[in-house]
Enquirer: 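Next up is a structure, given as structure tokens.
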Amino acid sequence: MSGQRKLKQVWTVGRLLEKSRGYLEDKGVEGARLSVELLLSHALGCERIQLYTSFEQPVPELVVARFRELVKLRAEQVPVGYLTGKAYFYSLEFSVNPDVLIPRPETELLVEQMINICRTSHFANPGILEIGTGSGCVAIALAKNLPHAEVVATDISGSALAVAKDNAQKHKLGERIRFVQGDLFEALSEEGKRPGGFDFIVSNPPYISPEEIPDLPREVREYEPRVALLGRDEALAVHRRIVDGAEGYLAERGKLLMELGHEQAQAARGLLEQSGYLSEVRTVRDLQGHERVVIGEKKA
Ligand SMILES: C[S@@+](CC[C@H](N)C(=O)[O-])C[C@H]1O[C@@H](n2cnc3c(N)ncnc32)[C@H](O)[C@@H]1O
């Protein structure tokens with residue numbers, strides 16, 4: 001060097017965001033801008049919105065190093081939720097890890113429908129069974145918004161239930177939701193059956209067929225739990241088993257609500273209509289216009 005001391009690069013919030021966004025875009029990461037904002041606010045321990053008023057702020061070296069590690073992992077398509085350990089659903093924060101599906105915005109429709117039906121039907125203490133609770137996001141959002149509901153949530157995965165229980169504790173709903181492990185209705189022992197049946201059975205079951213797996217985005221295909229995605233031999237296999245089993249657990253006029261994937265509405269309506277015990281079968285469209293939720297009511 002020519003006697004001059006090389007100036008150390010100072011990374012400001014704005015420069016870090018800009019550079020890393022470009023890097024992730026080059027790597028073909030979807031939603032690069034949102035990713036870097038979530039990762040930097042996580043590394044800094046601040047709210048994402050605070051970044052917008054801190055563009056000129058220098059970022060401490062240790063935080064820069066931590067952030068770079070996270071960005072590298074994101075470039076490998078690791079979902080942001082697994083990197084920050086957090087996801088948002090129905091305006092609530094949930095802890096997530098690779099044992100659970102990251103809650104999806106489209107699943108909010110299932111919760112919204114349940115809450116609307118519950119409020120307009122004036123149930124005093126609606127009994128709700130959620131099958132396949134994962135992070136617990138659906139059961140917890142329901143318990144939070146329906147303070148008199150009695151909620152039971154099941155999952156076949158013990159490690160997913162551990163995450164769901166932890167989330168329920170964080171939202172101070174540990175006493176209001178009973179979590180049980182098992183394959184669909186097998187999770188409920190005789191004493192777990194609600195006298196008179198459940199007023200609602202709700203589920204976002206796995207609905208991807210084995211043939212669709214190679215076409216999924218890498219961040220879903222490689223990182224999210226297969227048990228949360230894959231409907232065994234056919235996309236609607238779990239829906240079919242839920243329809244078959246729900247009759248013995250639903251109250252008279254009780255409702256079954258299930259989330260669907262694209263282009264599954266016709267087949268799903270058929271499943272409910274042919275059950276012999278469900279009527280008033282209908283689907284509800286999401287904001288993109290896809291028939292996302294199927295609903296049926298047990299005949300009186
Ligand atoms: C699509 S994820 C939904 C998770 C969460 N309810 C949500 O909406 O984000 C499906 C969940 O069903 C669970 N699951 C899969 N097969 C099951 C079965 N046979 N019995 C009970 N749960 C099952 C998975 O472990 C997973 O947590």
Side-chain angles (χ1 to χ4, degrees), residues 79 81-82 86-115 128-144 151-168 171 173 177-189 192 198 200-210 212-213 216 219-221 223-246 249 256-262 264 268 286 292-294:
Y82 295 154
K86 282 186 290 207
Y88 297 88
F89 180 81
Y90 222 77
S91 307
L92 299 169
E93 186 182 296
F94 292 90
S95 296
V96 292
N97 70 24
D99 291 324
V100 298
L101 187 92
I102 297 176
R104 304 292 203 269
E106 54 266 30
T107 305
E108 294 187 354
L109 184 65
L110 194 63
V111 172
E112 195 183 282
Q113 286 298 311
M114 278 269 328
I115 292 174
I128 300 173
L129 170 64
E130 191 208 354
I131 295 180
T133 197
S135 62
C137 60
V138 170
I140 290 167
L142 289 173
K144 193 103 191 159
V151 185
V152 177
T154 79
D155 206 289
I156 199 165
S157 156
S159 41
L161 279 176
V163 175
K165 283 180 194 166
D166 179 46
N167 277 319
H171 287 288
L173 293 167
I177 306 173
R178 194 157 64 83
F179 292 98
V180 279
Q181 186 180 0
D183 182 4
L184 303 189
F185 298 97
E186 281 173 19
L188 300 171
S189 56
F198 289 95
F200 296 92
I201 297 180
V202 58
S203 185
N204 172 19
Y207 52 68
I208 310 282
S209 69
E212 289 172 298
I213 290 280
L216 291 176
E219 62 181 290
V220 178
R221 189 179 70 233
Y223 296 102
E224 298 208 80
R226 282 288 155 107
V227 66
L229 300 172
L230 201 60
R232 293 200 188 171
D233 45 338
E234 50 145 347
L236 290 178
V238 184
H239 296 70
R240 186 185 300 281
R241 291 179 60 222
I242 292 176
V243 171
D244 288 347
Y249 293 86
L256 173 64
L257 293 90
M258 293 186 289
E259 182 170 319
L260 306 171
H262 285 195
Q264 294 176 340
D286 62 18
R292 181 62 67 188
V293 174
V294 66

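Order of listing sets the numbers, starting from 1, for every ligand and every atom in it.
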Enquirer: Looking at ligand 1, is there an atom of it that comes within less than 4.0 Å of some heavy atom belonging to E130?
Expert: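 Heavy atoms of E130 do come under 4.0 Å of ligand 1.
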Enquirer: Which is it for S203 and ligand 1 at heavy atoms under 4.0 Å: side chain, backbone, both or neither?
Expert: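 Near ligand 1, S203 shows nothing, with every heavy atom at 4.0 Å or more.
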Enquirer: Just need the protein heavy atom nearest to atom 5 (C) of ligand 1, so name the residue and atom and give the distance.
Expert: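 Of the protein heavy atoms, T133 O, 3.3 Å lies nearest.
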Enquirer: Can you find a heavy atom in the side chain of V238 that is under 4.5 Å from one in the side chain of L184?
Expert: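 Sidechains of L184 and V238: in contact.
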Enquirer: Relative to the heavy atoms of T107, which atoms of ligand 1 are at a distance of less than 4.0 Å?
Expert: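 It comes down to these atoms of ligand 1: 8 (O).
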Enquirer: Any non-hydrogen atom of D183 lying under 4.0 Å from ligand 1?
Expert: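 Heavy atoms of D183 do come under 4.0 Å of ligand 1.
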Enquirer: So, for Y249 and F185, is the gap between ring centers shorter than 6.0 Å?
Expert: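 They qualify: ring centres under 6.0 Å apart.
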Enquirer: For C137, state whether at least one heavy atom is located under 4.0 Å from any atom of ligand 1.
Expert: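 Distance cut 4.0 Å: C137 passes for ligand 1.
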Enquirer: Of all the non-hydrogen atoms in the protein, which one sits nearest to atom 11 (C) of ligand 1, and at what distance?
Expert: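 Heavy-atom neighbour on the protein nearest atom 11 (C) of ligand 1: G132 O, 3.5 Å.
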Enquirer: Between Q113 and V202, is any pair of side-chain heavy atoms under 4.5 Å apart?
Expert: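 A side-chain contact is absent here, since even the closest heavy-atom pair is not under 4.5 Å.
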Enquirer: Quick check: do V163 and V96 have side-chain heavy atoms less than 4.5 Å from each other?
Expert: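 The answer is no; the side chains never approach within 4.5 Å.
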Enquirer: Would you say the side chain of I102 lies within less than 4.5 Å of the side chain of F94, judging by non-hydrogen atoms?
Expert: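 Result no, sub-4.5 Å side-chain heavy-atom pair not found.
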Enquirer: How far is atom 15 (C) of ligand 1 from the closest protein heavy atom, and which atom is that?
Expert: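 Residue, atom and distance for the closest contact: V227 O, 3.2 Å.
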Enquirer: Is the contact between A228 and ligand 1 made by the side chain, the backbone, both, or neither, using heavy atoms and a 4.0 Å cut-off?
Expert: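 Both backbone and side chain of A228 come within 4.0 Å of ligand 1.
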Enquirer: Heavy atom to atom 14 (N) of ligand 1, shortest distance: which of L184, I102, I156 holds it?
Expert: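 Among L184, I102, I156, the closest heavy atom to atom 14 (N) of ligand 1 comes from I156.
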Enquirer: Could you pull out, from T154, N204, D155, V202, the option with a heavy atom nearest to atom 13 (C) of ligand 1?
Expert: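 When every heavy atom of T154, N204, D155, V202 is considered, D155 comes closest to atom 13 (C) of ligand 1.
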Enquirer: Report yes if the side chains of E186 and Q181 come closer than 4.5 Å at any heavy-atom pair, otherwise no.
Expert: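 Answer no - side chains too far apart.
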Enquirer: Would G136 count as a contact residue for ligand 1, given that I'm defining contact as a non-hydrogen atom of the residue lying under 4.0 Å from a ligand atom?
Expert: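 Under 4.0 Å: no for G136.
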Enquirer: Below a 4.0 angstrom heavy-atom separation, can you tell me which part of R104, side chain or backbone, both or neither, approaches ligand 1?
Expert: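 The answer is neither; R104 stays 4.0 Å or more away.
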Enquirer: With heavy-atom distances below 4.0 Å as the criterion, list the atoms of ligand 1 near G182.
Expert: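 Answer for ligand 1: 20 (N), 21 (C).
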Enquirer: Could you walk me through whether V294 and Q264 satisfy the side-chain contact (heavy atoms from CB on, under 4.5 Å) test, starting with their C-alpha distance in whole Å, then the side-chain angles of each, then the deciding distance to 0.1 Å, before giving a yes or no?
Expert: CA-CA 10 Å; V294 66; Q264 294 176 340; over 6 Å; no
Enquirer: Would you call E234-R240 a salt bridge at under 4.0 Å N-O?
Expert: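 Judged by the 4.0 Å cut-off on N to carboxylate O distance, E234 and R240 do form a salt bridge.
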Enquirer: CD1 of I128 to CZ of F198: how many Å apart, nearest 0.5 Å?
Expert: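 Those atoms lie 10.0 Å apart.
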Enquirer: Among the heavy atoms of P206, does any lie under 4.0 Å from an atom of ligand 1?
Expert: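 Yes; P206 lies near enough to ligand 1 that a heavy-atom distance drops under 4.0 Å.
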Enquirer: What distance do L229 atom CG and Y207 atom OH have between them, rounded to the nearest 0.5 Å?
Expert: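 Between L229 CG and Y207 OH, I get 9.5 Å after rounding to 0.5 Å.
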